[in-house]
*Asks:* 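Quick one: structure below, then a few questions.
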2 protein chains.
Amino acid sequence: MTTSVRAGTARDLADTGLSEPDYEVLSTLVERPGTTSTLHEQAAKMGWSRSRLSRHSSRMEVRGLIARAPDPADGRGCLLVLTAAGREALRAATPTHLESVRRRFADRLDADDLRDLLRIADKLGDRSEEAAPLDG
Amino acid sequence: MTTSVRAGTARDLADTGLSEPDYEVLSTLVERPGTTSTLHEQAAKMGWSRSRLSRHSSRMEVRGLIARAPDPADGRGCLLVLTAAGREALRAATPTHLESVRRRFADRLDADDLRDLLRIADKLGDRSEEAAPLDG
DNA sequence: CCTAGAATGATGACATGTCAACGACTTCGC
DNA sequence: GCGAAGTCGTTGACATGTCATCATTCTAGG
């Protein structure tokens, strides 16, 4: 079930030239001051391992979506910086992606469905926030 | 949510020496007459691509869990055969795995939860059968 | 100041999966 | 029969992710 929805949104995203991991990185990074973050902070924010983000950053760096810079505050660290190309790619992909998620997920479920889904996810020990605006 | 449950069952399975793909292959193959199947039939039965099954079969063959044999009925094809080691690995892993799935999934949900989950999965366009004995 | 220990990011070795070829073989229509 | 077309399993080239390990660098305690 997850798989079916994810496959669709991933396909839609791919049409804009980004993978889901790409989108996650870009959309998280763009919210940072200076669209910049140390790798470990970014990883923590995303719930990724440093290793995973390091590897994915390398792939995105090759494609020019982000850049690495030495961290002036910590000689061990590095800063991930959103490039103009990365910002542009995100700008181009965002509406498409939101629309894709809406069409493939949100529009298919009513309030009861969402409530049930959150309840079940909770029972299964899910720890993701899922931005649930229903509690309010 | 899927992720959280899967990670747990995968970890439990790993303790028995099998990955989830391993288990899928073995448990499907053991149900075949002669615990044998052509690769493409097995792939179709599992909903995998031939490429994926071919690759995973190679990994499992190295570990002695299955073997390949030429298909006497089709010179292009090959037969996947469960080995004694594969059968033994499956035998050892099965109770653990069923218990793991029960503990991490089935036991946490009541009949209403399952009904809701199936309803939602259906709305999201899920095509998996999920062996739903609730309709009966 | 100086060292022991912790943290950072990179990387080797793998596991898993996709996609687009490809060679080998079968089958279908004639 | 025979050639075109399809199918079978494999594979190269990648993308993604894990885990353990490593060289650097930082930091805390003496």
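Side chains included, hydrogens not; waters and symmetry mates left out as well; all remaining heavy atoms used. Here the structure is a predicted model, which is why all the values come from computation and not from measurement. In what follows, chains are A, B, ... by sequence order, proteins preceding strands, each numbered from 1.
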*Asks:* Over all heavy atoms of both residues, which pair between B:Leu53 and B:Ala43 is shortest? Give the atoms and the distance, please.
*Replies:* CD2-N, 3.4 Å
*Asks:* Salt-bridge test for A:Arg119 and A:Asp122: reply yes if a basic N is under 4.0 Å from a carboxylate O, no otherwise.
*Replies:* no
*Asks:* List the atom of A:Leu13, the atom of A:Ala93, and the distance in Å for their closest heavy-atom pair.
*Replies:* CD2-CB, 4.1 Å
*Asks:* When the distance from CZ of A:Arg50 to P of C:dA6 is rounded to whole Å, what number comes out?
*Replies:* 14 Å
*Asks:* Restricting to non-hydrogen atoms, name the atom on B:Leu82 and the atom on B:Leu26 that form the minimum distance, rounded to 0.1 Å.
*Replies:* CD1-CD2, 3.4 Å
*Asks:* Can you sort out which residues in residues 51-71 of chain B have a heavy atom within less than 4.0 Å of DNA chain C? Ascending by number, please.
*Replies:* B:Ser51, B:Arg52, B:Arg55, B:His56, B:Arg59
*Asks:* May I ask you to list the residues of residues 15-47 of chain A, by number, that have any heavy atom positioned under 4.0 Å from an atom of DNA chain D?
*Replies:* A:Ser19, A:Pro21
*Asks:* Closest heavy-atom contact between A:Arg87 and A:Thr35?
*Replies:* NH2-OG1, 3.7 Å
*Asks:* Aromatic rings B:His56 and B:Trp48: how do their planes relate, parallel, tilted or perpendicular, breaks at 30° and 60°?
*Replies:* perpendicular
*Asks:* Could you tell me how far apart A:Arg6 (CZ) and C:dG17 (C1') are, to the nearest whole angstrom?
*Replies:* 15 Å
*Asks:* Hydrophobic clusters here meaning ILVMFWY residues chained together by side-chain heavy-atom distances under 4.5 Å, can you tell me if B:Leu18 and B:Met46 are in one?
*Replies:* yes
*Asks:* Quick check: closest heavy atoms across B:Asp113 and B:Leu109, and the distance to 0.1 Å?
*Replies:* OD2-CA, 3.4 Å
*Asks:* Got a salt bridge between B:Lys123 and A:Asp110, using NZ or NE/NH1/NH2 to carboxylate O under 4.0 Å?
*Replies:* yes
*Asks:* Evaluate the side chain to side chain contact (heavy atoms under 4.5 Å, CB included) criterion for residues A:Ser54 and A:Arg68: first the C-alpha distance (whole Å), next the side-chain angles of each, then the deciding distance (0.1 Å), finally the verdict.
*Replies:* CA-CA 10 Å; A:Ser54 175; A:Arg68 276 183 172 93; 3.6 Å; yes
*Asks:* Give, ordered by number, those residues of residues 72-80 of chain B having at least one heavy-atom distance below 4.0 Å to an atom of DNA chain C; if nothing qualifies, reply none.
*Replies:* B:Asp74, B:Gly75, B:Arg76
